[in-house]
Protein chains: 2
Amino acid sequence: MLIHSKATEPTGAAHDRVYRALRLRILHGEIHPGQHLTLRGIGKDFGVSMTPAREAVRRLVAEGALSLSSSGRVFTPELSNERIEELAALRALLEPELASRALPRAHLTLIERLEEINGRVRQMIARHDASGYIRLNLEFHRTLYLRSQAPAMLAITETVWLQLGPTMSKLYGQLRRTEPPRNHKLILAALKAGDEPGLRLAVRSDATQGLRMLKV
Amino acid sequence: MLIHSKATEPTGAAHDRVYRALRLRILHGEIHPGQHLTLRGIGKDFGVSMTPAREAVRRLVAEGALSLSSSGRVFTPELSNERIEELAALRALLEPELASRALPRAHLTLIERLEEINGRVRQMIARHDASGYIRLNLEFHRTLYLRSQAPAMLAITETVWLQLGPTMSKLYGQLRRTEPPRNHKLILAALKAGDEPGLRLAVRSDATQGLRMLKV
DNA sequence: CATGGCTCTTTGTGATCACGAAACGACGCG
DNA sequence: CGCGTCGTTTCGTGATCACAAAGAGCCATG
């Protein structure tokens with residue numbers, strides 16, 4: 001089997017393609033906590049052999065997005081209460097800092113883009129699309145934090161999101177009521193006003209509020 | 001080649017053994033920034049094939065300890081000024097929080113152990129052992145932070161150390177003067193006094209002071 | 001009906017190989 | 001003497017295979 005391989009994807013190595021696809025599925029909460037994955041199954045899904053699948057999985061394990069049992073079986077971790085609180089504390093520590101660094105660089109075009117994303121967040125809430133809600137909520141935050149010009153800090157923050165991914169889907173899947181993104185409005189207001197303490201507070205609240213409901 | 005394999009190491013998979021060994025070498029600054037590594041070379045060093053070497057390298061790349069060029073060549077990254085400042089800011093953000101969480105649990109036996117480690121840090125400074133200094137300095141911090149019962153936060157902090165590893169070795173290799181660990185004494189004093197703001201300040205200073213000298 | 005052992009299947013691990021691309025070196029031309 | 005060009009070597013990538021261990025299912029026995 002030496003032919004085929006890409007066929008549709010002109011860029012990037014196979015293991016990287018598998019990694020990115022799996023990462024998005026985990027980040028968007030499309031894989032349930034405790035669900036098992038097999039290297040041969042992943043390889044078959046993406047039309048590659050075990051080798052690239054193994055590398056992608058290893059990378060995700062290193063980032064905390066996946067766990068492996070003593071025998072090497074791979075699965076999405078089920079987070080304990082302490083772990084959830086700790087990851088929420090990390091978000092509360094990192095994200096206000098990122099937002100604060102983005103504030104002096106947040107011009108009107110950025111704010112308008114954030115408002116547009118926020119509108120789509122509202123749509124997802126209205127149609128009870130949990131996965132779409134998570135995806136657009138993260139896009140809202142990432143769009144803001146990208147302005148902070150702190151790639152290492154943003155990368156670490158994203159690994160925290162990644163670890164929370166499967167658990168968050170459980171939360172928003174259970175979430176029945178259509179709660180409007182109040183904290184997002186506060187974030188936008190603080191951005192417009194150049195209110196740094198208010199921005200930090202709003203971001204911190206937004207990062208921690210939802211996770212409080214996750215406690216078993 | 002189906003025989004041999006372990007022979008000396010009864011526990012753990014081969015890729016994990018390679019990963020841990022490489023990780024320590026990077027963390028202790030025994031690999032210079034910009035130095036190239038080859039999978040076949042790593043495999044030969046550890047008596048394994050390319051497969052476990054590749055997995056170990058991939059994992060370290062995921063943690064930011066190694067970089068790979070567009071063609072897949074692996075090397076320790078040379079950090080830019082902005083990157084160093086950002087990683088220092090991350091240390092300044094994370095480590096005071098870890099120390100603060102450890103404070104209520106820091107009993108006398110822990111403080112005595114920290115003082116013993118600190119004494120060995122002084123020895124390393126006296127004998128101009130850069131690698132040993134880095135190793136014991138990290139052990140000082142990790143011993144304290146382990147008490148905070150925040151494994152995810154500690155793990156992220158260690159990846160920050162890992163990214164700084166090769167660059168730190170350059171710093172301490174150039175460091176001629178025998179500077180005593182003043183901040184470590186401040187940390188120990190604050191721990192004994194139960195002085196939480198003082199502890200945060202001392203830890204923050206210790207995390208950022210050395211890195212200021214690294215700016216090119 | 002529960003439980004223990006047995007076999008067959010599934011799965012991860014590591015070694016090896018073919019392939020293409022990048023790096024390296026030397027030679028020759030200007 | 002400098003520089004480009006071509007052949008050689010080195011390297012990463014992905015596929016495939018043998019192997020061991022863990023799982024799952026099943027039957028027999030208490």
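Below, read A as the first sequence line, B as the second, and so on, with proteins coming before strands; counting in each chain starts at 1.
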Check your understanding: Between D/dG12 atom C1' and A/E55 atom CD, what is the distance in whole Å?
Key -> 9 Å
Point to revise | Interatomic distance, B/L66 CG vs D/dC11 C1' [rounded to whole Å] | key: 16 Å
Review point. Can you list the steps and then say if A/R147 with A/L103 is a side-chain contact (heavy atoms from CB on, under 4.5 Å)?
Key: CA-CA 8 Å; A/R147 266 301 194 291; A/L103 179 57; over 6 Å; no
Exercise for review: Check DNA chain D against residues 69-78 of chain A and give the residues with a non-hydrogen atom under 4.0 Å, in numerical order.
Suggested key: A/S71, A/R73
Practice item. Taking only heavy atoms on the protein side, list every residue of residues 30-45 of chain B lying under 4.0 Å from any atom of DNA chain D, sorted numerically. Key: B/L37, B/T38, B/L39, B/R40
Point to revise | Salt bridge B/E55-B/R59, side-chain N to carboxylate O under 4.0 Å | key: no
Review point. Is A/E86 salt-bridged to A/R91, going by a charged N under 4.0 Å from an acidic O?
Key: no
Check your understanding: For A/H28, which residues count as a ring-ring contact (aromatic ring centres under 6.0 Å, His included) partner, sequence neighbours excluded?
Key -> none
**Study point:** Shortest side-chain distance from B/M50, nucleotide among C/dC17, C/dG14, D/dT16
**Key:** C/dC17
Exercise for review: Give the nucleotide from the list D/dA15, C/dA15, C/dT13 with an atom nearest to the side chain of A/T51.
Suggested key: D/dA15
Review point. Does the side chain of A/Y19 pick up a donor-acceptor pair with the side chain of A/E63 at under 3.5 Å?
Key: yes
**Study point:** Presence of donor-acceptor pair under 3.5 Å, side chain of B/R54 and base of D/dG14
**Key:** yes
